[in-house]
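Naming convention: chains lettered A, B, ... in sequence-line order (proteins, then strands); numbering from 1 in each chain. Side chains included, hydrogens not; waters and symmetry mates left out as well; all remaining heavy atoms used.
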Number of protein chains: 2
Amino acid sequence: MQAGSDEGNWREDCAPRRVMEIFATKWTSMILHTLHAQHDGAARNGVLHRSLPGISKKMLVQTLREMEESGLIHRHVENTVPPAVEYSLTPLGIRFVGLVELVYGWGRENADALDQLQVRQTSRRKV
Amino acid sequence: MQAGSDEGNWREDCAPRRVMEIFATKWTSMILHTLHAQHDGAARNGVLHRSLPGISKKMLVQTLREMEESGLIHRHVENTVPPAVEYSLTPLGIRFVGLVELVYGWGRENADALDQLQVRQTSRRKV
DNA sequence: CATGGTGGTTACCTCTTGGTGACTACGTTC
DNA sequence: GAACGTAGTCACCAAGAGGTAACCACCATG
């Protein structure tokens with residue numbers, strides 16, 4: 001794309017820039033991916049927790065709440081004792097899974113490029 | 001991908017998770033895109049500043065420094081008065097441009113999905 | 001002489017992220 | 001009775017991202 005044709009619509013709220021919203025919270029893309037990896041696109045809290053090494057209980061719940069508010073996932077509470085909570089992808093969530101898999105796939109195929117990155121561990125958000 | 005085949009190599013430093021490093025700093029992907037949009041893959045400080053609405057002088061310089069250290073861009077100082085500084089994509093940077101354009105392209109084609117996202121403006125990193 | 005464009009640096013400040021650890025409450029198992 | 005698994009909530013805290021504003025030096029223009 002040439003600069004001239006680009007600068008006009010490269011505003012602060014243009015679509016390309018807004019894509020980043022989905023990656024703004026550390027765990028969102030990983031939860032989307034994990035749900036998608038289940039054969040029925042759904043998983044319970046405990047399964048998610050065990051599938052995401054490094055996530056804390058708090059961040060898991062907090063991210064799930066945000067994703068529910070965003071319309072990416074659905075939260076279903078089973079009326080059993082103890083209550084079983086199942087999270088599943090909404091149609092919107094499934095669309096974003098496409099993006100996530102696109103990015104993750106690029107990472108798998110370009111692992112050598114990632115290795116070449118001289119990332120300064122300070123001055124960056126931990127990922 | 002099935003859960004069983006996935007959980008084994010889904011470690012904290014796996015390639016898919018490391019891809020996010022490139023998006024961890026707010027302006028990195030936009031700078032890569034802007035440089036790529038120039039016909040020669042290079043641009044001067046002032047051009048970049050004017051092409052990225054909303055970026056502050058400090059963040060532009062800071063991000064450029066980090067990208068230089070990461071090996072994504074090259075910084076060339078012209079020995080004129082006043083000195084002209086030109087930033088250009090390295091081969092590694094060009095590889096990552098591929099990823100950025102992939103993501104931005106998805107955003108353009110799925111702008112409606114982005115519109116459906118009910119993003120809570122609080123509790124998210126500004127993008 | 002003042003302004004503006006070149007390309008920065010520095011101090012200061014705020015907001016958010018994301019972490020830990022303690023606590024709840026219920027039921028089953030050891 | 002104690003421990004464990006279900007699914008959380010809450011208070012507290014540290015680190016870092018990223019913003020503003022002032023300042024530097026140089027030169028050309030009005």
- Query: Taking only N and O in the side chain of B/Ser56, is any of them less than 4.0 Å away from OP1 or OP2 of D/dG18?
  - Reply: no

- For the residue pair B/Arg75 and B/Leu64, establish whether any side-chain heavy-atom pair is separated by less than 4.5 Å.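 No; the side chains remain at least 4.5 Å from each other.
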
- Name all pairs fulfilling the ring pair (Phe, Tyr, Trp, His ring centres under 6.0 Å) condition that reach into residues 92-111 of chain B, sequence neighbours left out, sorted by first residue then second.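 Every ring pair (Phe, Tyr, Trp, His ring centres under 6.0 Å) pair that includes a residue of residues 92-111 of chain B, provided the two are not neighbours, is A/Trp10-B/Tyr104, A/Phe96-B/Trp106, A/Trp106-B/Phe96, B/His33-B/Tyr104.
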
- Message: Please list all pairs meeting ring pair (Phe, Tyr, Trp, His ring centres under 6.0 Å) that have one or both residues in residues 67-92 of chain B, counting only residues at least two apart or in different chains.
- Response: none

Between [atom2] of [N] and [atom1] of [X], the distance in whole Å:
X       : N      : atom1 : atom2 : value
A/His49 : C/dT20 : NE2   : P     : 9 Å
B/Lys26 : C/dC15 : NZ    : C1'   : 12 Å
A/Gln62 : C/dT16 : CD    : C1'   : 10 Å
B/Asn79 : C/dT6  : CG    : P     : 19 Å
A/Leu60 : C/dG19 : CG    : P     : 11 Å

- By salt bridge (Lys or Arg N to Asp or Glu O under 4.0 Å) - contacts of B/Asp40 (at least two apart): none

- Query: Listed by chain and number, what are the salt bridge (Lys or Arg N to Asp or Glu O under 4.0 Å) partners of A/Arg95, not counting sequence neighbours?
  - Reply: B/Asp112

- Note on the structure: Sequence neighbours excluded, the answer for side chain to side chain contact (heavy atoms under 4.5 Å, CB included) partners of B/Lys58 is B/Ser56, B/Gln62

- Each nucleotide of nucleotides 5-11 of chain D classed B (base within 4.0 Å of a protein heavy atom), S (only sugar-phosphate) or -, in 5' to 3' order, makes -BBBSBB

